[in-house]
Amino acid sequence: MNWHPQADAWLKGEHGQRLKAFLQQQKQARKIIFPHSNNWFKAFELTPFDEVKVVILGQDPYHGDGQAHGLSFSVPKGIAIPPSLKNIYAELQSDLGITPKNHGNLENWAKQGVLLLNSVLTVEKNSPSSHAQSGWVDFTDGVIDVINTEKQNVVFLLWGAYAYKKTYLIDSNKHLILTATHPSPFSAHRGFLGCQHFSKTNNYLKTNDISQINW
């Protein structure tokens, strides 16, 4: 993967080989897996380790046709904007006055240093959380750990109960942790909408002489 030696070593080691075997088994069983294997590590390709400023943690990829492309909460242009992302755009407009985009592709954020990381990087079609026990979580927890250990002043945006559980991996004395409910329509009104995480992120980056994100 060539993102960070520790992450690469995990993928080449025993745990990574077990994960690879699981994914091969799923393919042999003719299961449809999202995203396409070309995009499993898209978040890392667009946001190199040295450029990570912000981490937005999702749970697992979208499980509908054409939606997942390797970035949490993002969908390719031409695909309907999912409800959670609509609420993210609504909060952006409320917080920073940014007019919602007419597409859901967040690659521009990734290229500015926002690691759009799902905790699980693959999913079976129409079966959410189907790969939750595959080994991906150990890998992505390791990614969070190496960011926490080797970097300073990264903003972690943890939305929802699942993401909140990752706070134990992060040193709040070195980094900024912002938590809220998930932007899903089922919970956004209970704390996500109005959280002002985007302005808080940029204020923190500015305070630490780090270039801000053009959301």
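All values derive from a computational prediction rather than experimental measurement. Numbering of residues begins at 1 and proceeds along the displayed sequence. Below, all heavy atoms of this structure are taken into account, side chains as well, without hydrogens, waters or symmetry copies.
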Check: Between Lys166 and Val137, is a side-chain contact (heavy atoms from CB on, under 4.5 Å) present by the stated rule, with each step listed?
Finding: CA-CA 11 Å; Lys166 304 296 183 180; Val137 173; 3.6 Å; yes
Check: For Phe41 and Trp3, what are the C-alpha separation, side-chain angles and deciding distance, and is it a ring-ring contact (aromatic ring centres under 6.0 Å, His included)?
Finding: CA-CA 9 Å; Phe41 300 106; Trp3 184 77; over 10 Å; no
Notebook entry, point to check: Which is it for Ser37 and Lys27 under the side-chain contact (heavy atoms from CB on, under 4.5 Å) test, yes or no, and what are the steps along the way?
Noted result: CA-CA 11 Å; Ser37 56; Lys27 285 189 172 183; 3.9 Å; yes
Next item on the list: Just do the side-chain contact (heavy atoms from CB on, under 4.5 Å) check on Thr140 and Asn118 with the steps written out, would you?
Entry: CA-CA 8 Å; Thr140 55; Asn118 278 315; over 6 Å; no
Item checked: Leu169 and Asn148: CA distance, side-chain angles, deciding distance, side-chain contact (heavy atoms from CB on, under 4.5 Å) verdict -> CA-CA 7 Å; Leu169 294 167; Asn148 171 66; 6.0 Å; no
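The distance from the CG atom of Leu121 to the CG atom of Asn39 is 11.5 Å, given to the nearest 0.5 Å. We find the CD1-CG distance between Ile170 and Leu57 to be 8.0 Å, quoted to the nearest 0.5 Å. Here the CD atom belonging to Gln6 is positioned 11.0 Å from the CD1 atom belonging to Ile147, to the nearest 0.5 angstrom. Taking CG of Asp138 as the reference point, atom CG of Asp145 lies at 12.0 Å (rounded to 0.5 Å). In this structure, Phe192 CZ and Arg190 CZ are separated by 13.5 Å, a value rounded to the nearest 0.5 Å. Put simply, CG on Leu157 and CZ on Phe73 are 9.5 Å apart, with the number rounded to the nearest 0.5 Å.
Remark: Tyr162 pairs with Ser119 by the side-chain hydrogen bond (donor to acceptor under 3.5 Å, both in side chains) rule, at least two apart or across chains. His15 pairs by the side-chain hydrogen bond (donor to acceptor under 3.5 Å, both in side chains) definition with Arg18, not counting sequence neighbours. In this structure, the ring pair (Phe, Tyr, Trp, His ring centres under 6.0 Å) partners of His131, at least two apart in sequence or on a different chain, are Phe22. Scored by the side-chain hydrogen bond (donor to acceptor under 3.5 Å, both in side chains) test, Trp136 finds Thr122 as partners (sequence neighbours excluded). Looking at residues two or more places apart in sequence or on another chain, you find no side-chain hydrogen bond (donor to acceptor under 3.5 Å, both in side chains) involving Gln17.
Criterion: ILVMFWY side-chain heavy atoms under 4.5 Å apart, direct or through other members. Under it, Val155 and Tyr168 are not part of a common hydrophobic cluster. Hydrophobic clustering keeps Leu193 apart from Leu158 (ILVMFWY residues linked when any side-chain heavy atoms are closer than 4.5 Å, directly or through intermediates). In the hydrophobic clustering of this structure, Ile81 groups with Trp159; members are Ile, Leu, Val, Met, Phe, Trp, Tyr whose side-chain heavy atoms approach within less than 4.5 Å, directly or through other members. Note on Leu71: it clusters hydrophobically with Ile79, by side-chain heavy-atom contacts below 4.5 Å among ILVMFWY residues. If you chain together hydrophobic residues whose side chains sit under 4.5 Å apart, Phe198 and Leu106 fall into the same group.
Screening residues 76-98 for side chain to side chain donor-acceptor pair (under 3.5 Å), with sequence neighbours left out, gives Asp95-Ser199.
Between Pro128 and Asp60, the shortest heavy-atom distance links the atoms C-OD2, 3.7 Å. Contact between Val52 and Thr47 at its shortest, heavy atoms only, is CG2-CG2, 3.9 Å. Scanning both residues, Ala180 and Cys195, for their nearest heavy atoms gives CB-CB, 4.2 Å. In plain terms, the two heavy atoms of Ile88 and Trp109 that are nearest each other are CG2-CH2, 3.9 Å.
Between Phe34 and Gln67, the closest side-chain pair of non-hydrogen atoms is not below 4.5 Å. The shortest side-chain heavy-atom distance between Ile33 and Val123 does not fall under the 4.5 Å cut-off. With contacts defined as side-chain heavy-atom distances shorter than 4.5 Å, the pair Leu205/Lys53 qualifies. Looking at Phe44 and Leu117, their side chains come closer than 4.5 Å, going by heavy atoms from C-beta outward. Looking only at side-chain heavy atoms (C-beta outward), Tyr204 and Asn153 come within less than 4.5 Å of each other. At a threshold of 4.5 Å between non-hydrogen side-chain atoms, the residues Phe49 and Leu115 do not count as touching. Taking the side chain as every heavy atom from C-beta outward, Asn105 and Val75 never approach each other to under 4.5 Å. Ile56 places none of its side-chain heavy atoms less than 4.5 Å from the side chain of Phe156.
Defined by atom type and a distance below 3.5 Å, a donor-acceptor pair is missing between the side-chain atoms of Gln59 and His182. For the residue pair His69 / Ser74, a side-chain donor-acceptor distance below 3.5 Å is found, with atom types taken as modelled.
Looking only at distances, no side-chain donor or acceptor of Trp10 sits under 3.5 Å from a matching main-chain atom of Gly16. For Lys174 (side chain) and Thr149 (main-chain N/O), a donor-acceptor pair under 3.5 Å exists by modelled atom type. Formation of a donor-acceptor pair under 3.5 Å by the His63 side chain with backbone atoms of Lys125 is not found in this model. Between the side chain of Thr167 and the backbone N or O of Tyr164 there is at least one donor-acceptor pair closer than 3.5 Å. Side-chain atoms of Ser127 do not come within 3.5 Å of backbone N or O of Glu124 as any donor-acceptor pair. Not one N or O on the side chain of Asn208 forms a donor-acceptor pair closer than 3.5 Å with the backbone of Ile210.
Residues Lys42 and Glu107 are paired through a salt bridge, judged by an N-O separation under 4.0 Å between the basic side chain and the carboxylate.
Around atom CD of Gln152, more than 12 heavy atoms belonging to other residues, nucleotides or ligands sit under 6.0 Å away. Atom NZ of Lys206 has 12 or fewer heavy atoms from other residues, nucleotides or ligands within 6.0 Å.
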